[in-house]
Amino acid sequence: GAVVSQHPSWVICKSGTSVKIECRSLDFQATTMFWYRQFPKQSLMLMATSNEGSKATYEQGVEKDKFLINHASLTLSTLTVTSAHPEDSSFYICSARRPMNTGELFFGEGSRLTVL
Amino acid sequence: GQQLNQSPQSMFIQEGEDVSMNCTSSSIFNTWLWYKQDPGEGPVLLIALYKAGELTSNGRLTAQFGITRKDSFLNISASIPSDVGIYFCAGQLSDREYGNKLVFGAGTILRVKS
């Protein structure tokens with residue numbers, strides 16, 4: 001079964017509003033989670049690394065004030081798209097590793113954001 | 001930045017045929033992962049490889065970690081319609097500075113004729 005879960009799986013919002021996406025590790029504690037963005041028929045682009053209890057690390061070119069990440073507990077990370085615009089419409093996917101395992105990365109189901 | 005070259009970009013094959021795809025890089029990786037992604041869903045891990053030369057199977061899928069640690073291939077035997085999807089390779093660099101992040105290939109779109 002799934003080990004990482006995202007919610008919501010899809011969301012439609014008006015331009016200018018903020019949207020929060022949750023990512024949960026279901027049967028393990030994840031000190032680090034990763035947020036990706038994926039455009040149609042393209043690969044996954046890492047946006048940021050979410051660190052429990054500390055600030056997220058953002059990849060070059062990703063606006064941290066635009067994409068707020070909060071990793072408040074060992075099983076939950078949230079991505080908030082602030083003041084969303086149509087160009088923010090995309091498929092957002094989170095991932096996490098089991099503790100003591102530096103290899104396998106498990107992904108959530110993804111969240112489809114459509115900004116009107 | 002680090003790059004993985006994944007090929008082919010897409011494949012259109014007959015049901016029952018074997019499929020092969022690969023990823024290469026100029027960088028050395030300490031882990032190779034292969035994922036399959038269905039439309040509208042997150043990637044699902046198929047096979048994980050941890051040692052150079054390692055050959056691992058998962059049902060009809062077989063993947064190998066290249067001896068040079070710069071490449072990997074995935075084979076699918078006797079393809080069936082449900083094999084349709086996008087397959088991604090992903091490598092974890094051995095560079096501590098890179099922080100255990102994964103580098104993804106561009107994906108191989110697999111389409112199967114029934």
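Residue numbers start from 1 in every chain, and the chains themselves are labelled A, B, ... in the order their sequence lines are given, proteins ahead of strands. Computed from a predicted model, the values in this text were never measured in an experiment.
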*Can B:Thr62 and B:Ser57 be counted as having a side-chain donor-acceptor contact under 3.5 angstrom?*
yes
*Which atoms of A:Thr49 come close to chain B, meaning under 4.5 Å heavy atom to heavy atom: side chain ones, backbone ones, both, or neither?*
side chain
*Looking at residues at least two apart in the chain, or sitting in another chain, which of them share a salt bridge (charged side-chain N to carboxylate O under 4.0 Å, His left out) with B:Asp18?*
none
*Which portion of B:Gln6 sits near chain A, non-hydrogen atoms under 4.5 angstrom*: neither
*Using non-hydrogen atoms and a 4.5 Å limit, figure out which bit of B:Phe88 sits close to chain A: side chain, backbone, both or neither.*
side chain
*asked:* Taking every non-hydrogen pair under 4.5 Å, which of A:Ser43, A:Ser111, A:Pro40 racks up the most with chain B?
replied: A:Ser43
_Straight-line distance of A:Cys94 SG to A:Met47 CE, nearest 0.5 Å_ = 12.0 Å
*Among side-chain atoms of B:Gln37 and A:Gln38, is any donor-acceptor pair under 3.5 angstrom?*
yes
